[in-house]
A.B. asks: 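Before we start, here is the structure in question, set down as structure tokens.
All values below come from the heavy atoms of this structure, side chains included, with hydrogens, waters and symmetry mates left out.
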Amino acid sequence: MNKKGFIFDLDGVIVDTAKYHFLAWKKLANDLGIDFTEDQNEQLKGVSRVKSLEKILNWGGVSISEEEFNQLMDKKNQDYLSYIETMTKDEILVDVPKVLDLLKDENQGVALGSASKNARTILKKVALYDTFDAIVDGTNVSKAKPDPEVFMIAAKNLDIQPEHCIVFEDSIAGIQAANAANMVSIGIGEEDVLSEADFVFQDFTEITTEFITQLINKH
Ligand code: BG6
Ligand code: MG
């Protein structure tokens, strides 16, 4: 069958919001007296807000009450929301629309599979909300990436078998989730970071029409 499901992560794949998550987490960590490196940031990509804060506190050996935990989560999100407030479609990453248009022209299933509870807000800001046949985000899942739940629900909503789905991801956790779901995993970013992916591209400029056509026609 030549109808495949193409599932896109949002942050760091469609828009460059990964940098805003980084800035917000770094500020929070530093305010708590905890160092926050680029390497640690890679480990937070794709990871839910709760899990991210747990990891940061763990790295810093800091323990806090549940009330403080909730306050910090809220603070991080307020900070993050202030960054995304002014987003427009100019912040869609280069050549993402080219690939989305091609998939639409070829009548492929197109879904969003994001850990973010802000995903729908962002899609509306960048005028992509109506592009997806299915949207699954942090409000629809109970298990965070690397658990495959988010992608399994996306496949189900597209009505396409997981083995006929292809995932675009910029995070290690997301690639592991796609692999666990038995889907083709395509890393967007650095090859050494995303070494578990089936394919890795620096960005969508490197993804050719031929490559997409091969994925569509693959058995
Ligand atoms: C993922 C990001 O897409 O969403 C993570 O890569 C983020 O960095 C996670 O923590 C949850 O996002 P939000 O917007 O619900 O805090
Ligand atoms: Mg991402």
Side-chain angles (χ1 to χ4, degrees), residues 1-18 20-21 45-46 48-49 80-81 84 87-145 147-171 173-175 177-178 180-189 197 199 201 203-205 207 209 211-213 215-216 218:
M1 193 182 77
N2 286 351
K3 181 159 182 176
K4 299 288 189 323
F6 288 81
I7 307 174
F8 291 75
D9 173 47
L10 177 69
D11 298 315
V13 169
I14 292 178
V15 282
D16 194 10
T17 38
Y20 301 142
H21 280 296
K45 283 185 183 172
S48 70
R49 203 180 305 165
Y80 178 69
L81 287 174
I84 63 171
M87 274 184 90
T88 66
K89 60 178 170 22
D90 293 344
E91 286 190 57
I92 297 174
L93 287 167
V94 63
D95 277 359
V96 168
K98 175 195 81 177
V99 173
L100 287 171
D101 287 347
L102 174 64
L103 295 173
K104 289 272 155 186
D105 287 348
E106 297 290 330
N107 283 315
Q108 299 300 300
V110 178
L112 189 92
S114 166
S116 173
K117 294 186 167 158
N118 298 302
R120 285 176 165 85
T121 306
I122 294 173
L123 286 179
K124 284 175 193 159
K125 282 191 179 294
V126 301
L128 283 179
Y129 191 75
D130 296 325
T131 302
F132 296 91
D133 304 311
I135 295 176
V136 187
D137 70 8
T139 66
N140 307 118
V141 296
S142 56
K143 292 179 225 139
K145 298 172 189 175
D147 190 281
E149 185 185 22
V150 62
F151 298 139
M152 295 302 279
I153 297 175
K156 190 166 185 287
N157 291 355
L158 288 174
D159 200 18
I160 295 177
Q161 292 300 313
E163 54 272 30
H164 290 152
C165 288
I166 297 101
V167 172
F168 296 101
E169 256 294 347
D170 70 318
S171 71
I175 292 294
N182 219 352
M183 299 178 178
V184 176
S185 56
I186 303 185
I188 302 295
F199 304 92
F201 298 98
D203 57 39
F204 282 82
T205 63
I207 300 184
T209 303
F211 178 72
I212 297 286
T213 309
L215 289 172
I216 294 172
K218 194 170 152 272

A.B. asks: List the atom of Ile92, the atom of Val126, and the distance in Å for their closest heavy-atom pair.
C.D. replies: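 Reported closest heavy-atom pair: CD1-O, 3.5 Å.
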A.B. asks: Report yes if the side chains of Ile175 and Val167 come closer than 4.5 Å at any heavy-atom pair, otherwise no.
C.D. replies: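 Contact flag for Ile175/Val167 side chains = no.
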A.B. asks: Taking C-beta and beyond as the side chain, do Phe6 and Ile216 meet within less than 4.5 Å on heavy atoms?
C.D. replies: yes
A.B. asks: Quick check: closest heavy atoms across Met152 and Ala181, and the distance to 0.1 Å?
C.D. replies: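 Met152 and Ala181 have their closest heavy atoms at SD-CB, 3.7 Å.
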A.B. asks: Hey, does Cys165 have a side-chain heavy atom less than 4.5 Å from the side chain of Val184?
C.D. replies: no
A.B. asks: Do side-chain atoms of Gln108 reach the backbone of Lys3 as a donor and acceptor pair under 3.5 angstrom?
C.D. replies: no
A.B. asks: Is the backbone N or O of Lys218 less than 3.5 Å from a side-chain atom of Lys4, with the two atoms forming a donor-acceptor pair by type?
C.D. replies: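 Between the backbone of Lys218 and the side chain of Lys4 there is a qualifying donor-acceptor contact (under 3.5 Å).
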A.B. asks: Heavy-atom count around Lys104 NZ within 6.0 Å, excluding the residue itself: above 12?
C.D. replies: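 Yes, the 6.0 Å shell around NZ holds more than 12 heavy atoms from other groups.
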A.B. asks: Take Ile186 and Phe211, measure what side chain to side chain contact (heavy atoms under 4.5 Å, CB included) needs, and give me the verdict at the end.
C.D. replies: CA-CA 12 Å; Ile186 303 185; Phe211 178 72; 3.7 Å; yes
A.B. asks: Using 30° and 60° as the class limits, which term best fits the ring planes of Phe204 and Phe168: parallel, tilted or perpendicular?
C.D. replies: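 Geometry flag for Phe168 against Phe204: tilted rings.
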A.B. asks: Any idea which heavy atoms bring Ile7 and Gly113 closest together, and the distance?
C.D. replies: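 The pair with the smallest heavy-atom distance is CG2-N, 3.8 Å.
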A.B. asks: Rounded to the nearest 0.5 Å, what separation is found between the CG atom of Asn118 and the NZ atom of Lys124?
C.D. replies: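 Interatomic distance, Asn118 CG to Lys124 NZ, rounded to 0.5 Å: 11.5 Å.
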A.B. asks: Using the rule side-chain contact (heavy atoms from CB on, under 4.5 Å), only one of Asp16, Asp170, Thr17 pairs with Asp11; which is it?
C.D. replies: Thr17
A.B. asks: Has the side chain of Glu163 got a donor or acceptor atom that lies under 3.5 Å from a matching backbone atom of Gln161?
C.D. replies: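 Not at all, since once roles are kept as given, no pair shorter than 3.5 Å links the two residues.
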A.B. asks: With a 3.5 Å distance limit and no angle check, can you tell me whether Asn140 reaches the backbone of Asp137 through a side-chain donor-acceptor pair?
C.D. replies: yes
A.B. asks: Quick one, Leu128 with Leu112, criterion side chain to side chain contact (heavy atoms under 4.5 Å, CB included). Give me CA distance, side-chain angles, the key distance, then yes/no.
C.D. replies: CA-CA 10 Å; Leu128 283 179; Leu112 189 92; over 6 Å; no
A.B. asks: Rounded to the nearest 0.5 Å, how far does NZ of Lys98 lie from OG1 of Thr209?
C.D. replies: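 Reported value, rounded in 0.5 Å steps: 6.0 Å.
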A.B. asks: Do the ring planes of Tyr80 and His21 sit parallel (below 30°), tilted (30 to 60°) or perpendicular (above 60°)?
C.D. replies: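 Plane angle under 30°, so parallel.
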A.B. asks: Going by side-chain contact (heavy atoms from CB on, under 4.5 Å), Val99 matches just one of Asp101, Leu103, Asp95. Which one?
C.D. replies: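 The side-chain contact (heavy atoms from CB on, under 4.5 Å) with Val99 is passed solely by Leu103 among Asp101, Leu103, Asp95.
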A.B. asks: Using a strict cut-off of less than 4.0 Å between a Lys/Arg side-chain nitrogen and an Asp/Glu carboxylate oxygen, indicate whether Glu169 and Lys145 qualify as a salt bridge.
C.D. replies: yes
A.B. asks: Can you name the nearest heavy-atom pair linking Ser114 to Ala119, along with the distance?
C.D. replies: OG-CB, 4.0 Å
A.B. asks: With heavy-atom distances below 4.5 Å as the criterion, would you say the side chains of Phe151 and Lys156 are in contact?
C.D. replies: no
A.B. asks: For Gly12 and Ile188, which heavy atoms make the closest approach, and how far apart are they?
C.D. replies: O-CG2, 4.4 Å
A.B. asks: Taking all non-hydrogen atoms of both residues, which atom of Glu149 and which atom of Val141 are closest, and how far apart?
C.D. replies: OE1-CB, 3.5 Å
A.B. asks: Val15 pairs by side-chain contact (heavy atoms from CB on, under 4.5 Å) with which of Leu123, Leu93, Ile122?
C.D. replies: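 The single option meeting the side-chain contact (heavy atoms from CB on, under 4.5 Å) with Val15 is Ile122.
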A.B. asks: Within this structure, what is the CD-CG distance for the pair Glu106 and Leu215, rounded to the nearest 0.5 Å?
C.D. replies: 12.0 Å
A.B. asks: Counting distance only, does the side-chain N/O of Arg120 pair as donor-acceptor with the main-chain N or O of Ile135 below 3.5 Å?
C.D. replies: yes
